[in-house]
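Only this structure's heavy atoms are used, side chains among them; waters, hydrogens and symmetry mates stay out.
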Amino acid sequence: MPKSSFVDFKAVKAAITMEQVLEHYGILDQFKRSGDSLSGPCPLHKGSNPTQFRISTTKNIWNCFSECKHGGNTLDFIAEMEKISIHAAALKAIEWFKLDPSEMAASGTEDENQEVADAQTNEKPKPAAKRPSVTAEKAVPNTPLKFRLDKLEREHPYLKERGLTLETIVDFGIGFCAKGMMAGRIAIPIHNPDGGVVAYAGRWPGEPSEDTPKYKLPQGFRKSAELFNFDRAIKEPKDKPLVIVEGFFDCMKIHQNGWRKVVALMGATMSPSQEELIRKHTARNSHVIVMLDENEAGQAGREDIACRLSRHCFVKVHEFDRPEAEPEHLAAGDLQGILEGAV
């Protein structure tokens with residue numbers, strides 16, 4: 001493919017995986033698999049910590065929680081490894097992985113292709129042209145399920161161990177599942193903003209063995225498109241601060257302790273779709289409290305989240321005074337003090 005060709009970034013990204021890219025660089029064996037994620041030392045800043053660089057194989061993205069403190073997709077990774085532009089990275093990917101150049105070529109009108117060319121060659125676009133985001137991918141909504149897991153064991157010992165009351169367990173519709181794809185796990189329904197159940201997450205009750213993932217999500221579910229408990233949080237008073245946490249149990253415990261305007265990212269990073277959901281339901285005078293786990297991933301994630309959300313509203317980051325502390329372990333009184341001091 002000629003170097004001046006217009007490349008369909010989305011098509012190239014869909015054609016290759018991070019595993020293939022790591023294999024190309026001969027470093028795949030440095031990474032350890034856990035469920036749908038890979039973790040290992042960061043190849044970009046030549047790190048040594050075996051958990052500082054993480055890859056989601058289902059979302060095909062990576063993140064360095066150490067010196068780099070950012071992430072991206074397959075093309076971003078190649079671009080940083082080779083110190084080249086995204087356009088050049090796409091051309092290398094086409095060559096390395098023997099992709100069909102005709103299928104990777106961008107299509108469109110002459111004006112549209114000029115705008116793509118501006119972005120791909122890092123040239124300043126013409127003043128009169130409206131510049132679209134050529135690398136942004138339109139979020140595809142998750143389809144609501146046509147069934148419900150209604151025969152769940154609500155009084156499973158693990159739920160009591162996590163400090164949840166029966167009222168909270170019933171309120172969130174969670175419980176131990178004995179049959180089906182979530183068999184042997186705590187099933188947690190995930191709703192879209194309209195309240196429809198779009199997936200069930202399955203949490204292993206306790207610490208799983210090394211070859212068993214702690215959480216299980218259905219294939220095809222786009223976790224990055226949802227915020228756990230968002231459908232109920234947006235019904236709370238608009239002048240009440242929104243608390244953002246990482247996990248399901250963080251969210252449920254804070255809700256149980258009296259603060260119902262709380263959502264979980266279901267991870268330590270915020271996707272563009274999740275950011276857009278928050279933006280749509282906040283105003284310039286709204287308050288958001290970012291309360292992630294006090295570990296390396298949480299510390300890196302909260303900095304990025306605070307920076308991005310501060311463009312839309314007031315943001316406060318809560319830092320715990322103990323390493324490895326989590327919002328789930330906050331006592332009701334401590335939580336109230338943090339929240340009252342946030343506004």
Side-chain angles (χ1 to χ4, degrees), residues 139 141-150 152 154 159 162-175 177 182 186-203 215 217-218 221-268 270-271 273-283 285-292 305 309 312-316 318 326-328 330 332 335-336 338-340 342-343:
N142 291 299
T143 303
L145 301 179
K146 296 180 180 179
F147 67 90
R148 295 290 184 274
L149 298 179
D150 53 4
L152 302 176
R154 308 292 185 189
L159 297 175
R162 297 298 292 257
L164 297 181
T165 64
L166 182 59
E167 181 183 1
T168 298
I169 292 168
V170 173
D171 192 20
F172 280 90
I174 69 174
C177 187
M182 292 297 170
I186 302 297
I188 306 171
I190 302 171
H191 300 77
N192 62 20
D194 296 325
V197 176
V198 291
Y200 282 90
R203 195 341 175 152
Y215 278 98
L217 291 168
F221 170 66
R222 290 168 290 280
K223 184 179 70 171
S224 62
E226 312 296 346
L227 286 164
F228 181 66
N229 197 51
F230 189 69
D231 59 310
R232 298 195 294 182
I234 57 178
K235 296 176 183 176
E236 294 293 309
K238 293 188 179 298
D239 60 348
K240 195 173 185 179
L242 172 69
V243 176
I244 300 175
V245 296
E246 287 188 37
F248 299 107
F249 286 89
D250 294 323
C251 182
M252 289 187 282
K253 281 294 293 292
I254 287 179
H255 189 278
Q256 178 175 289
N257 284 334
W259 199 267
R260 297 176 180 272
K261 196 170 183 179
V262 55
V263 298
L265 299 167
M266 300 177 283
M270 178 179 68
S271 71
S273 294
Q274 291 173 327
E275 179 183 357
E276 181 63 12
L277 283 176
I278 295 170
R279 186 198 67 77
K280 283 183 177 180
H281 292 85
T282 53
N285 61 346
S286 297
H287 288 76
V288 169
I289 303 171
V290 182
M291 195 183 293
L292 304 192
I305 293 167
L309 289 183
H312 315 303
C313 56
F314 293 107
V315 181
K316 179 177 180 180
H318 176 73
E326 300 177 8
E328 176 187 353
L330 279 173
L335 173 65
Q336 195 61 37
I338 292 169
L339 297 172
E340 288 177 351
V343 182

(message) I'd like to know if the side chain of Glu226 reaches the main chain of Val198, judged simply by a donor and an acceptor atom lying under 3.5 Å from each other, with no hydrogens or angles considered.
(response) no

(message) Could you measure the distance from the CD1 atom of Ile234 to the CG atom of Leu277? Nearest 0.5 Å is fine.
(response) 8.5 Å

(message) By the side chain to side chain donor-acceptor pair (under 3.5 Å) test, which pairs, at least two apart or in different chains, include something from residues 187-201?
(response) none

(message) Which heavy atom of Ile278 sits nearest to which heavy atom of Thr282, and what is that distance?
(response) O-OG1, 2.9 Å

(request) Give a yes or no on whether the backbone of Gln274 and the side-chain of Arg279 come within a donor-acceptor separation of less than 3.5 Å. (result) no

(message) Quick check for you: to the nearest 0.5 Å, what is the distance between Cys251 atom SG and Leu265 atom CG?
(response) 10.0 Å

(message) With a 4.5 Å cut-off on side-chain heavy atoms, are Met252 and Ile174 touching?
(response) yes

(request) Could I get the full list of side chain to side chain contact (heavy atoms under 4.5 Å, CB included) partners for Arg260, not counting sequence neighbours? (result) Asp171, Glu236, His255

(request) Looking only at non-hydrogen atoms, find the nearest pair between Val197 and Pro189 and report the distance. (result) CG1-CB, 4.3 Å

(request) Over all heavy atoms of both residues, which pair between Ala268 and Leu292 is shortest? Give the atoms and the distance, please. (result) O-CD1, 3.9 Å

(message) Measuring from atom CD of Glu328 to atom CD of Glu246, what distance do you get when rounded to the nearest 0.5 angstrom?
(response) 11.5 Å

(message) Taking the side chain as everything from C-beta on, heavy atoms only, tell me whether Leu159 gets closer than 4.5 Å to Phe249.
(response) yes

(message) Within the 4.5 Å heavy-atom criterion, are Trp259 and Lys261 side-chain neighbours or not?
(response) yes

(request) Sequence neighbours left out, what pairs pass salt bridge (Lys or Arg N to Asp or Glu O under 4.0 Å) with at least one residue falling in residues 247-258? (result) none

(message) If I compare all heavy atoms of Ala199 with all of Pro218, which pair ends up nearest, and what's the gap?
(response) CB-CG, 3.9 Å

(request) Quick one: list whatever passes ring pair (Phe, Tyr, Trp, His ring centres under 6.0 Å) with Phe228, sequence neighbours left out. (result) Phe172, Phe248

(message) To the closest 0.5 Å, what do you measure between NZ (Lys223) and OG (Ser271)?
(response) 9.5 Å

(request) Only counting residues at least two apart or in another chain, list the ones meeting side chain to side chain contact (heavy atoms under 4.5 Å, CB included) with Glu275. (result) Met270, Arg308, Leu309, Arg311, His312

(request) Answer yes or no: is there a side-chain heavy-atom contact under 4.5 Å between Arg162 and Ile186? (result) no

(message) Once rounded to the nearest 0.5 Å, what's the spacing between atom CD1 of Ile244 and atom CD1 of Ile254?
(response) 11.0 Å

(request) Enter the distance from Met266:CE to Leu217:CG here, rounded to the nearest 0.5 Å. (result) 8.0 Å

(request) Measure from the side-chain N and O atoms of Asn142 to the backbone N and O of Phe221, and report whether any donor-acceptor pair falls under 3.5 Å. (result) no

(message) So which atom in Cys177 and which in Ala187 form the shortest heavy-atom distance, rounded to 0.1 Å?
(response) CB-CB, 4.3 Å

(request) Identify, with sequence neighbours excluded, every residue that meets side chain to side chain contact (heavy atoms under 4.5 Å, CB included) alongside Thr143. (result) none

(request) Mind listing the closest non-hydrogen atom pair of Met291 and Leu330 along with its distance? (result) SD-CD1, 3.7 Å

